[in-house]
Amino acid sequence: MHIQDTHWTSASTVAPSGASGGANGRGAGDSSRSTPLRVDAQRNLEHVLRAAREVFGELGYGAPMEDVARRARVGVGTVYRRFPSKDVLVRRIAEEETSRLTDQARTALGQEDEPWSALSRFLRTSVASGAGRLLPPHVLRVGVAEEPVRDETRVPEQRGGTPELRLVEQRTAPGEEALPADDAGAAELLEVVGRLVDRAREAGELRADVTVSDVLLVIATAAPSLPDAAQQAAASARLLDILLEGLRSRPA
C-alpha cells in the first residue's frame, strides 16, 4: 500500500468535489458537476475518473497525472482542463470512495442481524470493490495518534470519528502540514464503521483491542497484483480470511 507516500492538501486549501476558487466561488474543477457536458466531454470525464481510481488504487495517490492520462487514453491537458490540479482530482476520488464505503457499511448494518456477519459483510464487500485502497490518507492515519490501551478491561471508545481526527491534528509535528479535522465524509464513515465495531465487540465476537482504524486498515490492505485474475481473486479472498480470523475474539 502506497498511501503513506501521499501528499494530501487540507480541506481549507482544496475545494471539495473538484471545485477550485474563483470570483464566484466556482472554478474550472467544479464544472464537472454543475454544468452539463457535451457527450464527448462527459465521456472523457468518465474515462479520467475511472483511470484515476485504477491508477491511484494500484500505485497510491503519489502517482503522477501523466499516468492517469495514459490510462484514460487522453492527453494530460484534458485531465487538467477538468481538474486544475492533482489535489483536486485526488480529493474528488477520495470523497467518492469514502461515500461508497459509508454506503456499504450502512447496508451491512441494515441487512445483517448478526453483528459478526454485518462486520464481515462490510469487509468483504469493501475489499471486493477496491474502495479501501482509495481512502483519504488522514483517515488511515487516525490510529497513529491513539494511545495504547493500558487497562485491558476497559473497552476503547470508538463511536466518535471526529475526536480521533482532531487528536491526530493536535499532535502534528511543528512544520508538518495539518490534517483536516473537519472532513464530514470521513467523520461519517468512522461513525458508521464504529457502530459495526461496537456491535461485534458487545456480542463478544470481536477482540476488545480492535479499533475502527484496524478495520479500515484491513480493507486498505490488498494482496500483491497477479497476472491471472482468478489467482488474484483467490489471493485476495485468502488474505481477507486470514485478517478476519485475526479480528475475532478467542475463548478465554
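Values below: every heavy atom of this structure, side chains too, minus hydrogens, waters and symmetry copies.
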Requested in this report: Assess whether side chain to side chain contact (heavy atoms under 4.5 Å, CB included) is satisfied between Asp214 and Val197, documenting all intermediate values.
Outcome: CA-CA 10 Å; Asp214 295 329; Val197 170; over 6 Å; no
Query raised in the report: Does a side-chain N-to-carboxylate-O contact under 4.0 Å join Glu191 and Arg195?
Result: yes
Query - Side-chain heavy-atom pair Leu244, Arg124 within 4.5 angstrom cut-off - result: yes
Query raised in the report: How long is the gap from CG on Leu89 to CZ on Arg82, to the nearest 0.5 Å?
Result: 11.5 Å
Query raised in the report: When rounded to the nearest 0.5 angstrom, what is the spacing between CD in Gln104 and OG1 in Thr102?
Result: 9.0 Å
**Report entry** Glu245 bridged to Arg248 by N-O distance under 4.0 Å
**Finding:** no
Query - Glu54 side, atom CD; Asp67 side, atom CG - distance, nearest 0.5 Å - result: 12.0 Å
**Report entry** Nearest heavy atoms of Leu101 and Phe122, plus distance in Å
**Finding:** O-CE1, 3.4 Å
Query raised in the report: Ion pair present between Asp209 and Arg201, side-chain N to carboxylate O less than 4.0 angstrom?
Result: no
Report task. Decide if atom CG of Asp228 counts as having more than 12 heavy atoms of other residues, nucleotides or ligands within a radius under 6.0 Å. Result -> yes
Query raised in the report: Do NZ/NE/NH1/NH2 and the carboxylate oxygens of Arg92 and Glu96 come within less than 4.0 Å?
Result: yes
Query raised in the report: Ion pair present between Asp103 and Arg106, side-chain N to carboxylate O less than 4.0 angstrom?
Result: no
Query - Flag side-chain contact, heavy atom, 4.5 Å: Leu135 against Leu189 - result: yes
Query - Lys/Arg-Asp/Glu bridge criterion (N-O < 4.0 Å) met for Glu114, Arg199 - result: no
Query raised in the report: How long is the gap from OG1 on Thr78 to CG on Leu45, to the nearest 0.5 Å?
Result: 11.0 Å
Report task. State, with a plain yes or no, whether a side-chain heavy atom of Glu97 is found less than 4.5 Å away from one of Arg53. Result -> yes
Requested in this report: Walk me through it: do Val218 and Leu240 pass the test side chain to side chain contact (heavy atoms under 4.5 Å, CB included)?
Outcome: CA-CA 8 Å; Val218 167; Leu240 181 56; 3.9 Å; yes
Report task. With rounding to the nearest 0.5 Å, note down the distance linking CG in Leu247 to CG in Leu119. Result -> 7.0 Å
Report task. Could you tell me which non-hydrogen atom of Phe83 sits nearest to which non-hydrogen atom of Val48, and how far apart they are? Result -> CE1-CG1, 4.0 Å
Report summary line: To the nearest 0.5 Å, atom CZ of Arg207 lies from atom CZ of Arg250 at 8.0 Å
